[in-house]
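Every number for a ligand or one of its atoms is a count from 1 in the order of the listing.
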Amino acid sequence: MVPDLAKLQEHYAVAPSDISLADINLEHVPRHISIIMDGNGRWARAQGLDRSQGHKAGVACLKEIITSCVRLGVDVLSAYAFSTENWRRPQHEVDLLMQLFAHTLVKELHLFTEENVKLVFLGDLTVLPKKTRETFELGLERTKNNTGMILALAVNYGSRAELTRATRLIAQEVAAGSLDIEKIDETVLSNYLYTASLPDPELLIRTSGELRISNFLLWQLAYTEFYVTDTFWPDFDRWELARALVSFQTRDRRFGGVKS
Ligand code: IPE
Ligand code: IPE
Ligand code: MG
């Protein structure tokens with residue numbers, strides 16, 4: 001998407017000493033940025049707060065990053081909000097997260113309208129609490145005709161579950177005689193993933209220093225550039241995003257070929 005330069009400059013007006021908007025090549029911004037938003041709990045602990053405060057601060061941070069990505073002309077921002085493994089957390093934390101998702105979505109729907117953002121979800125929503133699922137459906141409905149950036153929120157998402165589901169759906173088609181086994185290729189498989197209509201991420205950001213994927217987009221990240229920062233998610237702001245972009249822009253992406 002072509003960024004609105006005036007709005008972009010305004011958004012990035014107050015620069016820290018080490019970086020400015022001029023350091024980003026606007027012709028070479030990733031189409032799809034993916035983020036593992038990690039470190040809410042550790043951020044809270046470092047401030048003497050409880051984990052719930054970390055999650056609340058994390059939401060505010062996502063809001064800023066959505067706006068930054070819109071300003072930069074990113075086509076797709078995907079964000080890992082709740083994994084299939086996060087159900088293992090204490091029930092009160094799971095409940096809090098589900099309520100926070102529902103509450104935030106209703107409160108911030110106007111932002112999606114103002115910024116022309118289309119919301120999609122990655123993951124199985126059928127098992128979410130009713131209220132959370134209903135607000136997600138409202139979000140989908142209200143934003144379905146928006147033509148700007150796509151925000152793909154991964155909720156109850158796990159890559160292994162996604163690939164298992166795709167395998168089952170493909171097997172059903174084959175059993176029904178509507179898909180020929182010989183026709184199954186990488187494109188067909190991609191079309192059965194939650195990310196079917198999205199390009200693969202070019203940049204994956206993980207906050208809070210962990211060097212792992214935690215079951216996120218295993219298939220889609222095949223050739224994605226990784227950027228890991230020690231910053232906890234609630235402290236990740238538009239300038240941290242800018243630093244990730246500058247790092248991305250120095251990478252030599254070879255896709256298995258030789259240096260160009
Ligand atoms: C990420 O922060 C948010 C979710 C996984 C929902 P964490 O809650 O994982 O924070 P840490 O990793 O414990 O610091
Ligand atoms: C990954 O973070 C999941 C999300 C950010 C939603 P976790 O905190 O759950 O990952 P692990 O447990 O450190 O691998
Ligand atoms: Mg974590």
Side-chain angles (χ1 to χ4, degrees), residues 32-66 69 76-105 107-108 119-129 131-133 135-136 139 151-165 193-195 198 201 203-221 224 226-237 240-241 244:
H32 181 173
I33 298 178
S34 211
I35 307 186
I36 301 178
M37 307 181 288
D38 198 14
N40 293 352
R42 278 163 284 170
W43 178 88
R45 197 172 54 215
Q47 323 268 322
L49 301 170
D50 79 42
R51 295 180 57 87
S52 62
Q53 295 302 117
H55 295 315
K56 285 179 189 152
V59 165
C61 171
L62 178 59
K63 227 178 112 179
E64 170 163 342
I65 296 305
I66 292 170
C69 286
V76 183
L77 169 65
S78 53
Y80 206 6
F82 192 91
S83 74
T84 44
E85 288 70 35
N86 287 147
W87 298 106
R88 295 178 188 152
R89 295 187 177 204
Q91 191 59 44
H92 66 87
E93 182 167 341
V94 169
D95 292 346
L96 175 115
L97 284 166
M98 292 299 152
Q99 281 162 19
L100 191 61
F101 295 154
H103 174 79
T104 309
L105 207 124
K107 189 163 155 262
E108 304 299 346
L119 182 64
V120 301
F121 288 96
L122 313 177
D124 177 10
L125 305 186
T126 61
V127 299
L128 300 184
K131 174 111 193 298
T132 307
R133 205 180 59 239
T135 56
F136 284 8
L151 173 67
L153 280 183
V155 179
N156 189 27
Y157 175 87
S159 211
R160 289 182 171 183
E162 176 184 46
L163 287 162
T164 306
R165 172 182 174 270
L193 302 178
Y194 292 117
T195 49
L198 307 178
L203 171 64
L204 172 82
I205 297 169
R206 182 161 188 156
T207 55
S208 89
E210 308 295 358
L211 300 174
R212 55 178 173 259
I213 303 184
S214 302
N215 203 11
F216 193 42
L217 302 177
L218 299 179
W219 169 277
Q220 298 87 338
L221 294 173
T224 303
F226 283 24
Y227 178 86
V228 176
T229 170
D230 286 336
T231 303
F232 296 136
W233 175 247
D235 286 329
F236 190 88
D237 62 7
E240 291 277 343
L241 177 68

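Between the side chain of Tyr80 and the backbone N or O of Ser214 there is at least one donor-acceptor pair closer than 3.5 Å. For Asn156 (side chain) and Asp124 (main-chain N/O), a donor-acceptor pair under 3.5 Å exists by modelled atom type. Checked by atom type and distance alone, the side chain of Trp233 never pairs as donor or acceptor with a backbone atom of Thr207 at under 3.5 Å. A donor-acceptor distance shorter than 3.5 angstrom exists from the side chain of Asn86 to the backbone of Ser83, with no hydrogens or angles considered.
Numbered from 1 in the order shown, with element, the atoms of ligand 2 that lie under 4.0 Å from a heavy atom of Arg206 read 2 (O), 10 (O), 11 (P), 13 (O), 14 (O). Interface atoms of ligand 2 facing Arg212, defined by a heavy-atom separation under 4.0 Å, are 11 (P), 13 (O), 14 (O).
Within the protein, the N, O or S atoms sitting under 2.8 Å from the Mg ion (ligand 3) are Asp38 OD1.
When all heavy atoms of Glu85 and Asn215 are compared, the closest pair comes out as OE2-ND2, 3.1 Å.
Protein residues with a heavy atom under 4.0 Å from ligand 1 are Met37, Asp38, Gly39, Asn40, Gly41, Arg42, Arg51, His55, Ala81, Asn86, Arg89, Leu97.
The shortest distance between side-chain heavy atoms of Val120 and Tyr194 does not fall below 4.5 Å.
Of the N and O atoms on the side chains of Ser78 and Ser34, at least one donor lies less than 3.5 Å from an acceptor on the other residue.
The line from OG1 of Thr224 to CD1 of Ile205 is 11.5 Å long, rounded to the nearest 0.5 Å.
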